[in-house]
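First the structure, in the form of structure tokens, and then the observations on it.
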Amino acid sequence: MSKITRPLRSVLYIPASKERALDKARGLSCDAIIFDLEDAVTPDEKPAARATLAAALETGGYGNRFKVIRINGLDTPWGADDAAAAATMGADAILLPKVGSPADLDALAKIVGDIPLWAMMETPGAMLNAAAIAAHGQLQAMVMGTNDLAKDLQTRFRADRLPMMAGLGLCLLAAKAHDCAIIDGVYNAFKDDEGHKAECDQGRDMGFDGKTLIHPAQLEVANAAFSPSDAEVDLARRQIAALEEIEASGQGVAVVDGKIVENLHVATARETLAKLDAIAALNAE
């Protein structure tokens, strides 16, 4: 289980400079919003975007959606001011782009205090330092920046993302080892539901907690892919019941669908049902 116990199936980027997009986000079915002061905002708009975002967050209306602010890098003309402003906006976390080492997170923490931090993992250096980054005491989640990583790796696009697997795997291992949430990168073709579903399913199979999204049209696919399926829920309930029955009788071995059920399987089953309950609670609020 990660440090964030609530669902993060769908994490939608919203430009912090666009009042209409900020307003629309209040009614979207995303689990989390990344209010973006970085890539989605032009240099000329960046100072004004801080004020626009501050006003939107002060107005509220985002319900129980997890609120994350992505600032510009601290090595840019806007990063330090972004960080100082973001620290006063009541967000759940602050996301730093192009984190390369724990020192980058240390520098941000000096500005924002004890607010939880998220790290964009989008460079070869970040992949190699993933374990050290994940071990940072204030880090709550990693977000894969697969577009920037592909650029730096000079890869060709493949639907199976084979050129990305080494980096994705390193970050997954690091995140799981240190109980950080980890969110998969974006799927650029937002009108391609089939391709998006395939990538979401791949990410879920690998162990990602959710998917970053660039368009509201991608929400339904991501939410479905990272929710427990009916078959998973049914299996989980039967595994728990089978082991409890054996424990009560004090004899025999629990078997479901011809496979032995051990404590580790039941632990996974309980996590599946807990996630289902968390999703239901999120949707009910």
Going by chain and number, the hydrophobic cluster around I246 (ILVMFWY, side chain to side chain under 4.5 Å) further includes none

Closer than 4.0 angstrom, basic N to acidic O: yes or no for R26 and D23? yes

For residues 216-227, the salt bridge (Lys or Arg N to Asp or Glu O under 4.0 Å) pairs (sequence neighbours left out) are none

When every non-hydrogen atom of A134 is compared with those of L139, the smallest separation belongs to CA-CD2, 3.7 Å

The salt bridge (charged side-chain N to carboxylate O under 4.0 Å, His left out) partners of R70 (sequence neighbours excluded) come to D36, E38, D39

Students should find that the hydrophobic cluster of L128, defined by side-chain heavy atoms under 4.5 Å apart, otherwise consists of none

Closest non-hydrogen contact found for P228 with V233 is CB-CG2, 3.8 Å

Across all chains, not counting sequence neighbours, the salt bridge (charged side-chain N to carboxylate O under 4.0 Å, His left out) partners of E199 are R161, K211

Name the atoms and distances for all side-chain donor-acceptor pairs under 3.5 Å in residues 48-58, with sequence neighbours left out.
residue, atom, partner, partner atom, Å
R50, NE, D82, OD1, 2.5
R50, NH2, D82, OD1, 3.4
T52, OG1, A48, O, 3.1

Joining Ile, Leu, Val, Met, Phe, Trp and Tyr whenever any side-chain heavy atoms lie under 4.5 Å apart, the cluster holding L264 also takes in none

Those residues at least two apart in sequence (or on a different chain) that pass side chain to side chain donor-acceptor pair (under 3.5 Å) with N147 are N188

Evaluate side-chain contact (heavy atoms from CB on, under 4.5 Å) for Y187 paired with D193, printing each intermediate quantity in order.
-> CA-CA 10 Å; Y187 186 75; D193 287 346; over 6 Å; no

Contacts satisfying side-chain hydrogen bond (donor to acceptor under 3.5 Å, both in side chains) that involve residues 248-265 (not counting sequence neighbours) are R238-D257

Sorted by chain and number, sequence neighbours left out, salt bridge (charged side-chain N to carboxylate O under 4.0 Å, His left out) with K46 holds for none

Under 3.5 Å, is there a donor on one side chain and an acceptor on the other for S10 and N223? yes

Residues pairing under salt bridge (Lys or Arg N to Asp or Glu O under 4.0 Å) where one sits in residues 141-159, two or more places apart or in two chains, turn out to be K98-D148, R158-D160

Using distance only, find each side-chain donor-acceptor pair of residues 105-121 under 3.5 Å and give its atom names and separation, not counting sequence neighbours.
residue, atom, partner, partner atom, Å
D106, OD1, H136, NE2, 2.8
W118, NE1, Q140, OE1, 2.9

